[in-house]
Each structure stands twice: as structure tokens, then as C-alpha cells.
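Here's the structure we're looking at; comments come further down.
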Amino acid sequence: MKQSTAKLNKFGEKLAYILTVKEWSQKQLAEILGTSQQCISRWVNGNREPSLDDVLLVCNILDEDPNELLGFNDIPAECYNNYGNIAKRIK
């Protein structure tokens with residue numbers, strides 16, 4: 001099941017939105033995380049994926065739900081059902 005890069009970059013889109021709403025810069029977040037602004041920019045632009053540890057740190061720092069930041073809350077129920085059917089066939 002191939003998806004476009006745009007669909008896979010929910011994290012970057014949501015991170016950019018949250019930073020804007022909270023009036024934070026990428027540089028501020030980078031300083032708190034101990035990384036570079038360029039690293040944050042790559043996440044936002046979808047050029048690189050953060051590690052799970054980084055996602056959880058960002059969620060904690062920004063007081064956000066990981067499911068929301070990763071875009072899991074945007075997945076329609078019928079998609080979950082498709083994965084359930086695939087899992088049954090594998091077992």
C-alpha cells in the first residue's frame with residue numbers, strides 16, 4: 001500500500017501548525033531538544049522522520065497528544081478495518 005509523501009508527513013504539518021499557534025520558533029524547540037533548527041525544519045518539511053523518542057519529547061514539551069501529532073486521529077475507521085482484514089489473512 002503506497003502512500004504519497006504528503007499523506008505521510010502529518011507530523012511535520014501538525015508540528016508546524018502547533019508551533020505557529022503557540023508562537024514558538026523552530027529554533028526555540030531545537031534548543032530545548034538539544035538539536036539544530038535545521039533538524040526541526042527537516043521534520044516540518046518531511047525530509048526526515050523523527051525518532052519515536054523525539055516524537056514523545058516534542059509531545060511532552062508542547063503538551064500535545066502523540067496520536068494527534070502523528071495524525072492517527074485523522075485516520076478513518078474503515079482504514080483500520082482494512083488492516084484488520086489483512087492481519088487475519090496473515091495469521
Side-chain angles (χ1 to χ4, degrees):
M1 185 181 313
K2 194 172 182 179
Q3 294 183 356
S4 72
T5 305
K7 288 184 181 179
L8 293 174
N9 192 28
K10 288 289 184 182
F11 177 84
E13 293 171 14
K14 291 187 179 250
L15 179 58
Y17 174 76
I18 291 166
L19 290 174
T20 300
V21 168
K22 295 187 182 236
E23 299 181 348
W24 281 43
S25 68
Q26 291 179 9
K27 184 177 179 180
Q28 287 172 303
L29 179 60
E31 287 173 357
I32 293 170
L33 289 172
T35 191
S36 67
Q37 183 273 327
Q38 186 177 23
C39 177
I40 305 301
S41 177
R42 287 179 181 144
W43 294 348
V44 167
N45 293 319
N47 296 327
R48 200 166 272 167
E49 294 181 15
S51 69
L52 181 56
D53 286 340
D54 287 333
V55 170
L56 295 175
L57 281 170
V58 168
C59 289
N60 188 280
I61 291 165
L62 298 175
D63 194 30
E64 294 293 329
D65 177 2
N67 290 320
E68 182 63 34
L69 194 58
L70 291 169
F72 293 140
N73 293 343
D74 300 341
I75 299 172
E78 57 269 10
C79 289
Y80 287 119
N81 295 337
N82 289 339
Y83 286 108
N85 293 333
I86 293 169
K88 287 177 188 174
R89 286 189 301 224
I90 293 172
K91 291 180 183 179

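As a basis for the values below, the full set of heavy atoms in this structure was taken, side chains included, without hydrogen atoms, waters or symmetry mates.
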Tell me whether Leu56 shares a hydrophobic cluster with Val58, the cluster being built from Ile, Leu, Val, Met, Phe, Trp, Tyr side chains joined at under 4.5 Å. no

How about Asp65: does its CG atom have over 12 heavy atoms from other parts shown lying under 6.0 Å from it? yes

Roughly how far, to the nearest 0.5 Å, is CG of Asn47 from SG of Cys39? 11.0 Å

Smallest separation among heavy atoms of Leu62 and Lys22, with atom names: O-NZ, 2.6 Å

Grab the two heavy atoms, one from Pro66 and one from Cys59, that are nearest each other, plus how far apart they are. CA-SG, 3.5 Å

Measure the spacing between CD of Gln28 and CD1 of Ile40 and express it to the nearest 0.5 Å. 11.5 Å

Between atom CD1 of Ile18 and atom CG of Leu29, what is the distance when rounded to the nearest 0.5 Å? 10.5 Å

Hey, what do you get for CG (Asp54) to CD (Glu49), rounding to the nearest 0.5 Å? 12.0 Å

Using every non-hydrogen atom in the two residues, find where Leu19 and Gln26 come nearest and quote the distance to one decimal. CD1-CG, 4.1 Å

List the atom of Leu69, the atom of Leu15, and the distance in Å for their closest heavy-atom pair. CD1-N, 3.8 Å

Nearest atoms (heavy-atom pairs only) where Lys27 meets Gln37: N-CG, 3.8 Å

Tell me whether Leu70 shares a hydrophobic cluster with Ile61, the cluster being built from Ile, Leu, Val, Met, Phe, Trp, Tyr side chains joined at under 4.5 Å. yes

Rounded to the nearest 0.5 Å, the CZ atom of Phe11 sits from the CZ atom of Arg48 at a distance of 13.5 Å

